[in-house]
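Atoms within a ligand are numbered from 1 in the order they appear, just like the ligands themselves.
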Amino acid sequence: MTGQTPAIERKGPNMLSKKMLDALNEQINAEMYSSYLYLSMATHFEDDNLKGFANWMHKQAKEEWAHAMRFYEYINDRMGRVTLKGIDTPPNSWASPVALFEEVCKHEAHVTALINNLVNMALDEKDHATNAMLQWFVTEQVEEEASAGEVLDTLKKIKDSPNGLFMLDHKLGQRE
Ligand code: FEO
């Protein structure tokens with residue numbers, strides 16, 4: 001037969017398992033939610049005229065988007081189908097900067113647990129490629145938890161000092 005292009009068979013010997021594919025797609029959603037959550041936190045700080053804090057949150061939101069895209073690209077590289085789902089509505093106001101950063105720390109600990117679960121799944125399935133890809137996230141989560149924890153720690157030391165808050169705002173405004 002002529003004139004017919006054979007359909008591209010998106011299958012290969014090294015395909016992701018259905019279980020792993022579903023879990024990686026869920027992680028795209030979790031990273032997108034993280035991005036949305038931090039963007040919402042940026043709006044909170046903009047409302048409070050704390051532009052440095054808002055800058056920090058904007059940079060964080062962009063990083064989370066990039067995390068989601070790492071999973072997106074990886075799924076494609078492994079001939080899987082990316083499936084996007086709805087992103088939950090994030091909260092949009094917090095009682096204080098301390099309360100907000102407590103939520104950041106809690107959220108990052110949750111993401112670390114999600115990444116660890118994915119690593120466990122990859123190891124169970126002897127999926128070495130996925131395990132190798134995830135190792136970047138294992139290291140990244142250590143940094144994410146440390147940087148959020150550092151801000152929280154400083155905020156607790158500052159307590160109610162407007163001067164301290166102003167200085168921290170200036171510092172966070174310098175985040176590239
Ligand atoms: Fe992508 Fe902050 O976890």
Side-chain angles (χ1 to χ4, degrees), residues 16 19-46 50-78 80-94 96-123 125 127-156 168-169 171-176:
L16 292 163
K19 186 178 169 194
M20 183 59 78
L21 175 62
D22 289 348
L24 293 174
N25 269 317
E26 282 298 326
Q27 193 62 30
I28 291 180
N29 191 267
E31 301 290 350
M32 289 287 186
Y33 175 76
S34 302
S35 184
Y36 218 38
L37 173 65
Y38 295 139
L39 195 59
S40 184
M41 288 173 167
T43 69
H44 174 85
F45 283 127
E46 264 149 20
L50 288 167
K51 300 291 185 198
F53 280 91
N55 171 66
W56 195 94
M57 286 298 165
H58 272 292
K59 299 289 154 55
Q60 193 62 30
K62 274 187 188 159
E63 277 197 8
E64 299 299 350
W65 179 275
H67 291 173
M69 292 310 293
R70 268 184 183 254
F71 283 102
Y72 179 107
E73 281 156 21
Y74 179 73
I75 290 173
N76 273 322
D77 287 347
R78 291 290 301 277
R81 177 72 159 87
V82 170
T83 313
L84 299 179
K85 296 179 182 161
I87 303 170
D88 289 344
T89 305
N92 72 353
S93 82
W94 289 265
S96 64
V98 167
L100 185 150
F101 266 89
E102 278 171 346
E103 182 164 347
V104 174
C105 290
K106 199 169 147 208
H107 183 70
E108 285 305 325
H110 168 66
V111 174
T112 298
L114 293 177
I115 296 291
N116 288 342
N117 287 341
L118 289 172
V119 172
N120 290 340
M121 194 185 292
L123 292 174
E125 293 192 5
D127 183 344
H128 300 294
T130 300
N131 179 38
M133 180 277 292
L134 289 169
Q135 291 310 305
W136 183 89
F137 283 95
V138 171
T139 308
E140 175 72 3
Q141 281 310 119
V142 173
E143 198 192 299
E144 295 262 289
E145 288 198 54
S147 61
E150 194 185 318
V151 178
L152 178 60
D153 193 47
T154 309
L155 279 169
K156 283 180 175 170
L168 182 58
D169 188 57
K171 185 181 167 204
L172 298 184
Q174 290 170 331
R175 180 175 177 183
E176 295 292 326

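Residues N55 and K59 have side chains that bring a donor and an acceptor to within less than 3.5 angstrom of each other.
With a 4.5 Å cut-off on side-chain heavy atoms, T130 and R78 count as touching. Under the 4.5 Å side-chain criterion, counting only non-hydrogen atoms from C-beta, H58 is in contact with L39. E140 has its side chain out of reach of R70: every pair of non-hydrogen atoms, C-beta onward, lies at least 4.5 Å apart.
Summary: OE1 is the N/O/S atom of E64 found nearest to atom 1 (Fe) of ligand 1. Closest N/O/S atom of E31 to atom 1 (Fe) of ligand 1: OE1. Within E144, the N, O or S atom lying nearest to atom 2 (Fe) of ligand 1 carries the name OE1. Among the heteroatoms counted here (N, O or S) of H67, ND1 is the one nearest to atom 1 (Fe) of ligand 1.
Between Y74 and W136, the distance separating the two ring centers is not shorter than 6.0 angstrom.
Look at E140 and atom 1 (Fe) of ligand 1: no N/O/S atom of the residue is under 2.8 Å from the metal.
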